[in-house]
Engineer: 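What follows is a single structure, and I will ask about it in a moment.
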Amino acid sequence: MLDLRPVGYVIGLTVMALGLAMVLPLFVDIAEGRGHWHVFAQSAIMTMLVGGLVAGACRNGVGEGLTIRQTFLLTTGVWVVLPLFGALPFMLGATELGLTDAVFEAMSGLTTTGSTVITGLDTLPKGILLWRGIMQWLGGVGIIVVAMVFLPELRVGGMQIFRAEAFDTMGKILPRATEIASRISVIYLGMTIACMMAYILTGMTPFDATVHAMTTVSTGGMANYDASFGALHKSAEYVAVVFMILAALPFVRFVQLTAGTAKPLFSDPQVRGFFTTILCIVGILTAWQFFQRAHFTEETFREVLFNVVSIITGTGYASEDYMLWGPFAVSIFFFIGLIGGCAGSTSCSVKIFRYQLLFASIRVQLARIRAPHGMFTPRYAGQRVGDDVLNSVMSFFVFFTVSLGLIAVLLGLTGLDFTTSISGAATALGNIGPGLGDTIGPSGNFATLNDTAKWILTAAMLIGRLELLAVYAIFTVSFWRI
């Protein structure tokens, strides 16, 4: 029989940690003096109490490591449970959101999607704004650990190609997770502080700089203003571009860089492919804007660069409504959201390496057609790619495409129009943030959607953040078979 105690113990500890994080916005609210501190006091007490009770009750079942089935349940369970407690401040606070909206906002935060149902961000208590940033920051570092430890071990979506990369410990999952998390956390924190200081130099207040640094490095995209980056100094957009790109690179390369080895960063095919893609898309859209406006300015280049990087990394900031750039540009933004950044980063969506493996497989198949008796093998980073990796990647593409279509159909059945349905499905499953159209586009939000659509999107954000197969696996009969 499957022992759930180790899973419950770890989930209980993470819930306690989430409750402890609520203390920070509590102090911010006290300092602001708007009388909302009790919201975080109540939420923190409830969260830490429940988490402590669950961890205490399951402590006697903790062993040296987790089985594969327990790891699947833990990976999904953490992202199911944490948003439920993360939603408490939204339901008890100045926003007074209902259960549906509160869970949607919390899931969007912890999965670093960045979609929001809250309007009037400019006037919200600072504690609530900080809480949104904290959730995204925690979700960002959490997904790096999941992508580097759990998904490669579970052989999800071709992630096994990165198994144990740059780390010598091949023991149990939990000890290895602790080692990797400690190294990553230091780099992640350092990057956040650097981003915050850079924002301050652009004229941001320390509070705005702190929150936006959290949501930039996590590629989450939740801003403190309804106008997102449109309300901030234009120089802040260049800072955001730099740190969004850094956060979308494999963090294992930063670990190697701090150890004095820079070559893996520059030789990584993911990194080269990521930069090449950005340069091509920015070049195409800049040229498009030049022909549309018949002149070129620094502002044109900056707006294209900022919004392209924001969408391709899944951050979801917006500096202006790119829906006004014309159908061609809108189509480009839809598809680049389905590209994503590098594996092992805070970025989202399909990921660059899967497209590279897909194209490598296609090239091999075409070569086999031309020379049926030849021996051709797909390669990645100079290494032969096994059939298990290719099959896993192909399975991911199939599940992603089918899931995208199914979610869009379900959203359409709730009464949403085609553009809102298909872009809503894409932005939730890819954890991108804004969709397309007047309702959920860069100048709108998700507040006006019906509750059924919001729950569908909430589930899609969870599924997409955990690379689909990690969630789908637990719904198979064979998973629960003794």
Side-chain angles (χ1 to χ4, degrees), residues 18 39 42-43 46-47 76-121 123-124 128-129 131-132 135-136 139 220-223 226 228 314 316 337 348 402-466 468 471-472 475:
L18 186 72
V39 169
Q42 296 171 24
S43 301
M46 285 189 286
T47 302
T76 303
V78 167
W79 258 264
V80 170
V81 174
L82 290 187
L84 299 179
F85 289 95
L88 290 177
F90 296 121
M91 290 189 287
L92 302 176
T95 56
E96 295 182 349
L97 299 180
L99 176 63
T100 299
D101 285 347
V103 173
F104 179 97
E105 192 77 11
M107 182 67 77
S108 178
L110 285 164
T111 58
T112 70
T113 302
S115 304
T116 185
V117 293
I118 300 178
T119 55
L121 294 171
T123 60
L124 280 182
I128 290 292
L129 295 175
W131 180 236
R132 295 167 84 237
M135 283 197 301
Q136 294 217 301
M222 283 184 169
D226 288 333
S228 190
C348 60
V402 172
S403 298
L404 180 63
L406 180 60
I407 293 168
V409 169
L410 292 176
L411 291 174
L413 291 175
T414 68
L416 302 184
D417 61 85
F418 176 78
T419 300
T420 303
S421 297
I422 190 67
S423 67
T427 195
L429 195 63
N431 306 116
I432 302 164
L436 301 177
D438 297 330
T439 305
I440 62 173
S443 61
N445 67 17
F446 291 71
T448 60
L449 301 187
N450 58 76
D451 284 357
T452 303
K454 289 174 183 174
W455 281 112
I456 293 172
L457 292 170
T458 298
M461 287 187 276
L462 167 68
I463 293 170
R465 183 75 279 190
L466 296 180
L468 285 77
V471 179
Y472 291 154
F475 291 100

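This structure is a prediction, so every number in the text was calculated from the model and none was measured.
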Engineer: Should we say atom CG of D438 is surrounded by more than 12 heavy atoms from elsewhere, each under 6.0 Å from it?
Structural biologist: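 Result for CG/D438: open.
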Engineer: Check for a donor-acceptor pair, side chain of D451 on one end and backbone N or O of T100 on the other, with a separation under 3.5 Å.
Structural biologist: no
Engineer: Does any N or O in the side chain of E105 come within less than 3.5 Å of the main-chain N or O of F90, such that one atom is a donor and the other an acceptor?
Structural biologist: no
Engineer: Let's go through T420 and L411 carefully: what are the C-alpha distance in whole Å and the side-chain angles of both, what is the deciding distance for side chain to side chain contact (heavy atoms under 4.5 Å, CB included) to 0.1 Å, and is it a yes or a no?
Structural biologist: CA-CA 8 Å; T420 303; L411 291 174; over 6 Å; no
Engineer: Write down the atom of G86, the atom of A106, and the distance for their closest heavy-atom approach.
Structural biologist: C-CB, 3.8 Å
Engineer: Does S423 offer a backbone N or O that forms a donor-acceptor pair with the side chain of T427 under 3.5 Å?
Structural biologist: no
Engineer: Would you mind telling me which of I407, L462, L406 makes a side-chain contact (heavy atoms from CB on, under 4.5 Å) with L429?
Structural biologist: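 Only one option passes, and that is I407.
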Engineer: Hey, what do you get for CG (L410) to CD1 (I456), rounding to the nearest 0.5 Å?
Structural biologist: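 Here the interatomic distance stands at 5.0 Å.
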Engineer: Can you find a heavy atom in the side chain of Y472 that is under 4.5 Å from one in the side chain of S403?
Structural biologist: yes
Engineer: Any side-chain heavy atom of D101 within less than 4.5 Å of one from F446?
Structural biologist: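 A side-chain contact under 4.5 Å is absent here.
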Engineer: So, does K454 use its side chain to make a donor-acceptor pair with the main chain of T448 at under 3.5 Å?
Structural biologist: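 No: the side chain of K454 does not pair with the backbone of T448.
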Engineer: Just checking, any donor-acceptor pair under 3.5 angstrom between side chains of S115 and T113?
Structural biologist: no
Engineer: May I ask you to decide if G139's main-chain N or O and W79's side chain share a donor-acceptor pair within less than 3.5 Å?
Structural biologist: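 No.
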Engineer: To check you understand the geometry: which heavy-atom pair defines the closest contact between G114 and S108, and what is its length?
Structural biologist: N-OG, 3.1 Å
Engineer: Is a side-chain N or O of T123 found less than 3.5 angstrom from the main chain of G120, in a donor-acceptor match?
Structural biologist: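 Indeed, once roles are kept as given, a pair shorter than 3.5 Å links the two residues.
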Engineer: Give me the atom names and distance for the closest heavy-atom approach of M222 to G109.
Structural biologist: CE-N, 3.8 Å
Engineer: Would you say R132's side chain and A223's backbone share a donor-acceptor pair under 3.5 angstrom?
Structural biologist: yes
Engineer: Looking only at non-hydrogen atoms, find the nearest pair between A102 and M91 and report the distance.
Structural biologist: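 Looking at all heavy atoms of both residues, the closest pair is CB-CG, 3.3 Å.
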